[in-house]
Amino acid sequence: MTGRPELEAALEAVLFVAADPVPRQRLLDLFDEGDREEAAQALEAVLARYAPAEGRGVAAEEVAGGVRLVTRPELAPYLRRFFEAAGESKLSVAALETLAIVAYRQPITAPEIQELRSVNPAAVLKTLLERRMVRITGRKEVVGKPFLYGTTREFLMHFGLNHVRDLPPLEELEEALRDG
Amino acid sequence: MTGRPELEAALEAVLFVAADPVPRQRLLDLFDEGDREEAAQALEAVLARYAPAEGRGVAAEEVAGGVRLVTRPELAPYLRRFFEAAGESKLSVAALETLAIVAYRQPITAPEIQELRSVNPAAVLKTLLERRMVRITGRKEVVGKPFLYGTTREFLMHFGLNHVRDLPPLEELEEALRDG
Amino acid sequence: MSESLLPPGWKVHLPVFEGPLDLLLHLVKVNQVEITDIPVATICDQFHEYLRLMEELNLDIAGEYIYEASLLIHLKSKMLLPRPATVEGEPAEDPRQELVERLLEYRRLKAAAQTLAETDRLRLGVFTRKPQPRPGPEEGEEIELGEVSLFDLLGAFKQVLVRYDREHPPPFLVSPEVWSVRAQFERYLGELSPSRPFDLLADLRRRSGRAEAIAAFLAVLELARLNLVRLHQTEAGEVLLYRTTRDWSRADIEAVGA
């Protein structure tokens with residue numbers, strides 16, 4: 001049996017070194033069978049320790065089916081200054097519109113995207129593929145077998161989503177837009 | 001004037017992201033002149049927060065003229081286990097290239113793969129066999145009767161394809177993503 | 001194209017649209033009308049006016065705009081026709097229906113894009129620790145297997161081919177006359193005998209390259225045409241050459257192009 005403090009310490013250390021979100025189960029699998037129940041509680045305790053709070057710079061987030069530690073967005077100016085990072089988005093309006101179409105209507109083909117935006121999406125899709133926001137998920141079984149596109153884990157991570165179904169419903173967004 | 005909680009949060013965030021030791025002065029330079037005295041105190045508070053303690057996996061250490069956050073050495077076995085498990089679900093560039101060669105040139109022998117990559121593919125093929133991306137499809141009727149390798153059902157499912165002939169030719173993707 | 005009213009090099013800031021649907025949404029907004037009740041004639045004219053302006057400014061007009069403009073003209077003409085009689089009081093289908101649906105869907109997706117843009121801006125301020133080098137022998141960059149897509153696979157294959165070509169530059173071209181068909185013709189005459197089978201494929205493989213192999217192959221065809229060799233294919237797929245009993249003469253060699 002591993003003591004509770006060691007379980008918590010190990011979990012914190014692993015979350016600290018893991019750059020990518022780690023699925024909960026993978027964290028628990030680090031321990032012996034007999035310790036997993038206790039480890040699950042230890043994990044919740046560690047995550048509670050990293051709840052966003054005043055004076056704290058790091059917080060735990062659930063994203064892309066896992067948990068990870070990230071800096072809190074309010075601190076962006078300090079981090080940008082220190083790491084000399086640019087704060088500008090690399091996604092153009094065209095890229096964001098195409099990404100939204102892929103995200104909400106996936107899996108979707110290029111001709112179907114063109115139908116929705118009335119603009120040839122080839123160049124933008126290439127950018128999104130290169131930036132790993134979008135991936136080819138297969139081919140559609142219609143004439144010409146066009147590629148099907150969907151979003152990636154990178155997309156979920158970047159937009160802080162746990163799953164594609166966590167995207168806000170389109171209807172809600174439109175209402176917010178009408179009110180605004 | 002920046003509030004004490006914000007100073008502490010910013011310092012914690014920067015220490016978290018920076019992998020290398022940061023000189024104290026560089027940390028304090030993040031803030032306006034008027035805030036530096038307070039920031040120095042905030043830094044001590046953050047470092048105290050990361051004093052080695054039971055149940056904590058991360059600690060602050062002073063090295064070579066700077067401070068940094070590191071995992072506590074006692075937890076190394078857990079980290080090793082974590083990285084090993086993480087490695088199992090990853091593909092190196094060598095493995096990906098070899099997989100691509102097998103996919104596009106199947107059935108193909110190890111010497112033929114070596115001809116294309118100039119590297120003995122034995123170790124990488126073993127990995128790909130273990131990941132069930134590649135299988136032995138037979139033997140080539142030449143001297144030494146080397147094994148022939150091809151892709152698996154799992155490979156097709158992973159890439160959303162029904163058949164090996166659905167693999168896009170090099171030009172197809174380029175054409176699909178060419179504008180206009 | 002109409003003559004530009006502006007001096008050459010003059011730049012005017014024209015609102016930039018993300019395509020014809022974006023322009024249409026803009027026109028709906030500035031005209032303060034509902035998407036569901038678009039005054040087609042007005043919108044159609046303004047759409048064309050915008051294209052005309054772009055033309056005047058020597059801006060490239062994407063084909064998508066021209067296509068949409070033609071759809072609008074078609075719709076405008078349809079609106080002028082009397083609607084077919086309604087069945088049992090049901091309202092006849094509005095010819096604008098399809099356009100309305102496209103615009104509503106596009107507006108929804110634009111709202112989604114705006115939300116993504118806001119999240120994108122916010123999330124750019126979220127930092128994670130850089131991936132630490134993993135202890136162990138594994139070298140170089142790695143990709144999560146679950147994340148590898150066709151795009152990566154193709155990219156990897158292209159990489160292999162590019163590197164292969166770089167490491168295997170094509171051999172210096174041998175001047176073609178060195179591998180004349182006639183020289184190959186003479187070589188075969190010297191090597192073949194009526195009693196001993198001669199493995200053609202093995203012989204072709206021994207040639208220095210494609211150019212010589214082609215010359216050799218053409219020579220064999222000439223030899224067969226002049227009835228100087230007999231070709232025999234075995235069940236195993238080998239091609240065997242035998243010299244026939246016919247004697248060759250200088251004229252035979254001279255009949256072969258150099």
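Below, chains carry the letters A, B, ... as their sequence lines are ordered, and counting in each starts from 1. Since this is a predicted model, take the numbers as computed values, not measurements.
The number of heavy atoms from other shown groups lying within 6.0 Å of CD (A:E115) does not exceed 12. A 6.0 Å sphere centred on CD of A:E130 holds more than 12 heavy atoms belonging to other residues, nucleotides or ligands. A 6.0 Å sphere centred on CD of B:E172 holds more than 12 heavy atoms belonging to other residues, nucleotides or ligands.
Ranked by non-hydrogen atom pairs under 4.5 Å with chain B, the options A:R81, A:E74, A:R26, A:R49 are led by A:R49. Among B:V58, B:L27, B:V22, the residue making the largest number of heavy-atom pairs under 4.5 Å with chain A is B:V58. The residue among A:G3, A:A10, A:G138 with the most heavy atom pairs within less than 4.5 Å of chain B is A:A10. The candidate from B:P168, B:G160, B:G57 with the greatest count of non-hydrogen atom pairs under 4.5 Å with chain A is B:G57. Of all the listed residues (A:D29, A:L69, A:L125, A:L129), the one sharing the greatest number of non-hydrogen pairs under 4.5 Å with chain B is A:L69.
Heavy-atom distances place no part of B:P77 under 4.5 Å from chain A, backbone and side chain included. For chain B, no part of A:L11 is nearby; none of its heavy atoms comes within less than 4.5 Å. For chain A, the nearby parts of B:A18 are the backbone and the side chain; heavy atoms of each come within less than 4.5 Å. Only the backbone of B:V70 comes within contact range of chain A, judged by heavy atoms closer than 4.5 Å. Of the two parts of B:F82, the backbone and the side chain both hold a non-hydrogen atom closer than 4.5 Å to a non-hydrogen atom of chain A. When heavy atoms are compared at a cutoff of 4.5 Å, A:T2 approaches chain B solely by way of its side chain, counted from C-beta outward. Of the two parts of B:L15, neither the backbone nor the side chain holds a non-hydrogen atom closer than 4.5 Å to a non-hydrogen atom of chain A.
Remark: B:R4 does not engage A:E54 in a salt bridge, criterion side-chain N to carboxylate O under 4.0 Å.
Applying the side chain to side chain contact (heavy atoms under 4.5 Å, CB included) test between A:F16 and each of B:L79, B:T71, B:L75 identifies B:T71 as the sole match.
With values rounded to the nearest 0.5 angstrom, B:H158 atom NE2 is found 11.0 Å from A:T137 atom OG1. Residue A:K145 holds its NZ atom at 6.0 Å from CG of B:N162, rounded to the nearest 0.5 Å.
Judged by distance alone, the side chain of A:R139 and the main-chain N or O of B:D166 form a donor-acceptor pair under 3.5 Å. A donor-acceptor pair is defined here as one N or O able to donate and one able to accept, closer than 3.5 Å; no such pair exists between the side chain of B:R56 and the backbone of A:A9.
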